[in-house]
Amino acid sequence: MPVDIVSRGIRKPSSRLYYQEGPPEQTPLMNWRLGILGAWGHREYTLEQLKVLPRVDFDRRAVCVCNWTIRHEYSGVLLETLLRDAGMPLEHSAYLKQTSIGTTEKGNYVSTVPLVDAVARKAILCYEIDREPLTPMRGFPLRFIDFGLYNYKCVKGLASLELTDRYELGEWEARAGYPIDGTIRPKKYWVCDLQKSIYVPNEGEVTEF
Ligand SMILES: Nc1nc2c(c(=O)[nH]1)N[C@H]1C(S)=C(S)[C@@H](COP(=O)(O)O)O[C@H]1N2
Ligand SMILES: [Mo]
């Protein structure tokens, strides 16, 4: 099986689809800011400003709909912490829309997830994996992760977050009819960090191993 080495020698099945639009070029990163938009205003954060906010270090499992999963230490800021810092009342919007930096040729990758659920599941804006800054392929400078959802719902190379009541079809939902909900389903997954297949009996975040 062709493999990608992602970090600490952990391998995952190879696919070009893990960064559909390709990692952003260097130029758009020079003035990178995370935009936060909502009916309550507009805020911008530099990476340094995000790193000043209370940090979480989570040892959790990310799951791809294509039947593989990987456990890492993911560090960053809780979605809840960030939105409260930005002064956005999170109880009043149905959804969180994430948009990637994108590239001129291939455009942006977007995903919309239920906001209150993401907060309850302790979703994060991640800037380090296994205590290392994200590589371009893994989503530098910042990626969103809701560990209860498949990774196609979670955008790498984030440009903005928007609190909205309007659902927008995401990349794989529009292109291939992937479920809008994106909840992790019971099935057998290839566990990259353990190098074996394990059946996951429950829905949602995988915490059994
Ligand atoms: N911007 C962007 N984010 C994305 C994707 C993408 O194509 N573009 N692919 C998603 C999918 S399907 C997966 S499985 C993960 C892969 O993350 P990894 O490269 O860290 O394994 O990124 C998710 N986030
Ligand atoms: Mo995926």
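We count ligands from 1, going down the list as the structure has it; atoms in each ligand are counted the same way.
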Part of I70 within contact of ligand 1 (heavy atoms, under 4.0 Å): neither

Cationic tip of K51 above Y127 ring, under 6.0 Å, 45° of axis: yes

Against ligand 1, does [X] come closer than 4.0 Å with any heavy atom?
X: D4; value: no
X: E171; value: no
X: W68; value: yes

Protein residue, atom and distance nearest to atom 16 (C) of ligand 1, heavy-atom basis: K156 NZ, 3.7 Å

Top protein contact for atom 21 (O) of ligand 1, by heavy-atom distance: K12 NZ, 2.6 Å

E205 bridged to R121 by N-O distance under 4.0 Å: no

Electrostatic pair R61-E208, nearest N-O below 4.0 angstrom: no

Is there at least one pair of N or O atoms, one from [X] and one from ligand 1, spaced under 3.5 Å apart?
X: Y152; result: no
X: C154; result: yes
X: R143; result: yes

Where P24 and Y19 come nearest, the two heavy atoms and their spacing: CD-OH, 3.6 Å

